[in-house]
Trainee: 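Have a look at this one before I ask anything.
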Amino acid sequence: MSTANPSPLWQPDRQQIADAQITRFQAWAAEQHGAPAEGGYEALHRWSVTELETFWKAVTEWFDVRFTHPYARVLGSRAMPGAEWFPEATLNYAQHALRTADDPTRADTPAILHVDETHEPRPVTWAELRRQVGSLAAELRALGVRPGDRVSGYLPNIPEAAAALLATAAVGAVWTSCAPDFGARSVLDRFQQVEPVVLFTVDGYRYGGKEHDRRDTVQELRDELPSLRAVVHIPLLGTKAPEGALEWSDLTSADVTPVYEEVPFDHPLWVLYSSGTTGLPKAIVQSQGGILVEHLKQIGLHCDLGPDDRFFWYTSTGWMMWNFLVGGLLTGTTIVTYDGSPGYPETGAQWAIAELTGATFFGTSAAYVMACRKADVHPARDHDLSRVKCVATTGSPLPPDGFRWLHDEVRDDLWIASVSGGTDVCSCFAGAVPTLPVHIGELQAPALGTDLQAWDPSGTPLTDEVGELVVTNPMPSMPIRFWNDPDGSRYHDSYFDTYPGAWRHGDWITLTTRGSVVIHGRSDSTLNRQGVRMGSADIYEAVERLPEIRESLVIGLEQPDGGYWMPLFVHLAPGAALDDALRSRIKQVIREQLSPRHVPDEVIEAPGVPHTLTGKRIEVPVKRLLQGTPLEKAVNPGSIDNLELLKFYEEIARKRA
């Protein structure tokens, strides 16, 4: 990585820097808490990681976090894992998310602006959202839902999903959700772990101009989740509630002020799921207080969002970006929820949504930007995007051509924020900073309070060289635990096994001498398609049910042009042949049982699947081979059961190159 100083693609002018909330925060923190008044973002960041407790205390004061019982200190223990944030404090996430509704001048402005494929916006005011949450929270309590109980949603990105999450948090229960394009098996692999007592569900959803009926899947979920006490039906396709289910409209009709349960700072807010690379997806538990302060910092300071903004991120309820989007309510921002295909009725549809809703902050995936570039979309020519101050991308690194395309086709003074974080912290490790320049192919800087480093295998920090993404101090939104992990061993092994006491995330990064960050993709075998992560184990389980398949190996490869190649290698049973019919069946199984996004690009017959000596398929070494790494550097030969097999994959890499 060059240490030269290339000219930036964009830099904020003096007025933009002066107006940014992060600038005002720094001046105030300098006065109140001894933060550096000079030196800009770099000095503020250094202070935020060296004076971690003072920084987070300052965040809670700046955003007026309302503790219903005061905290004893900011950090009881700094251990990772096991940091104790704000011990003795109590609060409620939903109360903070609905604070704007208490302001009579804002109560009738939109909290949520919802759009579907008809492109007709439907506003939900702050007052209406608070009323719905109040009614729903009272009904949940009447159903016997108590603090710590789990409430689940099998829902698209609709306002009802946000209301259900907030009502769950108001009661002190624990939210968890999956998108309705997930098949029953994928959903059950997640929900069965946490045993929800209530299921919010739709009868179906619309995507790409078609209706997708999910009533059979919902019935399967009801049959396979014995913990359910109630099912709440949202008739998106207009059908009646199935027998024994409650109607959404009946539960949200009362005019009730929400009652907010006072819960400890580290009380669970929701369960998110990892991709399940090895076995079942990890059920990641994050806290009410941890998410509250992390999202206030990230959305208020880094995304620079406030009451005058409209925050749109294309996402589904099965991705952490949905939870992050709902967090926009914490800063009094109007959030834009969109339910439908990103590219319907044509590829540029998301830009039409941005224009229609007056979005000021527009979030999407790097894959969508590159698809628009390929399809010769011209956002600024065809739409009024004058209100968009930032386009942010995540899901995978935004390639250099993506930066150039946004600069040329949206606006030449556009703030482009490529951001990177993870479901594991439901936030960003690095990305948007409104006061810093943007360089092509780079994330602007590590986030405040996040001591982000690139380490070599021995734990030595690197600059201008590729290393493992490591975080060396605790963040409030790090998981409080995994579900069903009583001794914490699975949590420890997931992040703290490689470098004891430091969080290893599983990404290759470079930290430049300028303080910016370059992400090179996963250092593990997670499949990341259009920002939706899935583990290979899910694919194997589905594919290997077919009698013709003896074993399989799936690899996801980030391409230099921003594309993503996902081949599935199959080792056939004796007598089977990989013809078009079998290829179709393989793809159909994955599409129907898992997700249409994770259908492989190619199905390739292989002479066998290589394993470690303990019988684990070796995905990462094969991924490295396919990326062009020489065999002797891609794998430790002493750890492989059949080294000859790797020559087949090496040959495929050579042909592709």
Side-chain angles (χ1 to χ4, degrees), residues 79-85 144-154 165 168-169 171-179 182-200 220-230 263-291 317-320 323 422-426 474 477-497 503-506 524-526 533-542 594 616:
M80 283 204 297
E84 293 169 38
W85 287 97
V145 178
R146 297 291 174 260
D149 284 346
R150 277 76 61 209
V151 173
S152 56
Y154 184 57
L165 159 59
T168 300
V171 172
V174 186
W175 175 257
T176 190
S177 60
C178 284
F182 278 36
R185 187 68 261 149
S186 287
V187 179
L188 291 168
D189 281 349
R190 290 155 174 79
F191 289 177
Q192 278 176 338
Q193 294 187 63
V194 300
E195 300 176 301
V197 297
V198 177
L199 172 66
F200 287 92
E220 197 174 334
L221 299 182
R222 292 177 71 178
D223 293 343
E224 297 292 330
L225 292 169
S227 54
L228 290 178
R229 291 184 218 145
V263 297
F265 190 92
D266 66 354
H267 184 81
L269 171 63
W270 55 46
V271 177
L272 302 177
Y273 301 95
S274 74
S275 44
T277 305
T278 49
L280 285 176
K282 296 185 284 272
I284 298 166
V285 188
Q286 287 153 348
S287 69
Q288 287 225 11
I291 289 294
T317 60
W319 188 22
M320 59 138 293
N323 303 68
T423 300
D424 324 73
V425 292
C426 197
S477 65
M478 282 176 176
I480 43 176
R481 63 175 189 274
F482 289 169
W483 207 267
N484 294 336
D485 181 27
D487 62 355
S489 58
R490 198 174 182 209
Y491 181 21
H492 178 275
D493 293 351
S494 296
Y495 312 110
F496 303 102
D497 205 24
W503 173 290
R504 172 190 165 271
H505 191 63
D524 65 12
S525 57
T526 304
R533 301 196 306 168
M534 182 174 282
S536 50
D538 286 343
I539 305 256
Y540 301 146
E541 187 187 353
L594 298 171
K616 288 185 180 168

Trainee: Side chains of L221 and V187, heavy atoms from C-beta outward: is any pair under 4.5 Å?
Mentor: yes
Trainee: Can you tell me how far the OH atom of Y491 sits from the CE atom of M478, to the nearest 0.5 Å?
Mentor: 6.5 Å
Trainee: Answer yes when R185 and D189 have at least one side-chain N-carboxylate O distance shorter than 4.0 Å, and no when they do not.
Mentor: yes
Trainee: Taking distance alone, no hydrogens or angles, what donor-acceptor pairs closer than 3.5 Å link side-chain atoms of residues 265-272 to residues at least two apart or in another chain?
Mentor:
| from | atom 1 | to | atom 2 | distance (Å) |
| --- | --- | --- | --- | --- |
| H267 | NE2 | G172 | O | 2.6 |
| W270 | NE1 | Q286 | OE1 | 2.8 |

Trainee: Is there a donor-acceptor pair under 3.5 Å between the side chain of Q193 and the backbone N or O of P281?
Mentor: yes
Trainee: Taking side chain as C-beta onward, heavy atoms only, is V285 less than 4.5 Å from F482?
Mentor: no
Trainee: From R504 CZ over to Y495 OH, what is the distance, rounded to the nearest 0.5 angstrom?
Mentor: 11.0 Å
Trainee: Under 3.5 Å, is there a donor-acceptor pair between the side chain of S477 and the main chain of V425?
Mentor: yes
Trainee: Is any side-chain heavy atom of V198 closer than 4.5 Å to one of F200?
Mentor: yes
Trainee: Would a distance-only check, ignoring hydrogens and angles, find a side-chain to backbone donor-acceptor pair under 3.5 Å from R481 to P479?
Mentor: no
Trainee: Going by heavy atoms in the side chains, are W85 and P474 under 4.5 Å from each other?
Mentor: yes
Trainee: Start with the C-alpha gap between V174 and T168, add the side-chain angles, then the distance that decides, and say whether side chain to side chain contact (heavy atoms under 4.5 Å, CB included) holds.
Mentor: CA-CA 6 Å; V174 186; T168 300; 5.7 Å; no
Trainee: Would you say that L228 contacts P196 through its side chain, given a criterion of any heavy-atom pair below 4.5 Å between the two side chains?
Mentor: yes
Trainee: For R222, give me all partners under salt bridge (Lys or Arg N to Asp or Glu O under 4.0 Å), at least two apart in sequence or on another chain.
Mentor: none
Trainee: Please check if any side-chain donor atom of Y273 sits under 3.5 Å from a side-chain acceptor atom of T176, or the reverse.
Mentor: yes
Trainee: Backbone N or O of F182 within a donor-acceptor pair of the S186 side chain at under 3.5 Å?
Mentor: no
Trainee: Check side chain to side chain donor-acceptor pair (under 3.5 Å) between S227 and all other residues, then give those that pass, not counting sequence neighbours.
Mentor: none
Trainee: Can you measure from CZ (R150) to CG (L225) and round to the nearest 0.5 angstrom?
Mentor: 12.0 Å
Trainee: Is a donor on one side and an acceptor on the other found under 3.5 Å between the side chain of R229 and the backbone of V197?
Mentor: no
Trainee: First locate atom CE of M320, then atom CG of D424, and finally report the distance between them rounded to the nearest 0.5 Å.
Mentor: 9.5 Å
Trainee: Would you confirm whether D149, through its side chain, and R146, through its main-chain N or O, come within 3.5 Å as a donor-acceptor pair?
Mentor: yes
Trainee: How are the rings of H505 and W503 set to each other: parallel, tilted or perpendicular (split at 30° and 60°)?
Mentor: parallel
Trainee: Which atom pair, heavy atoms only, marks the closest approach of Y154 to A179?
Mentor: CE1-O, 3.5 Å
Trainee: So, taking the atom named CG in D487 and the one named NE2 in H492, what distance separates them when rounded to the nearest 0.5 Å?
Mentor: 11.0 Å
Trainee: Does C426 offer a backbone N or O that forms a donor-acceptor pair with the side chain of T423 under 3.5 Å?
Mentor: no
Trainee: To the nearest 0.5 angstrom, please state how far the OG atom of S177 sits from the CG atom of L199.
Mentor: 11.0 Å
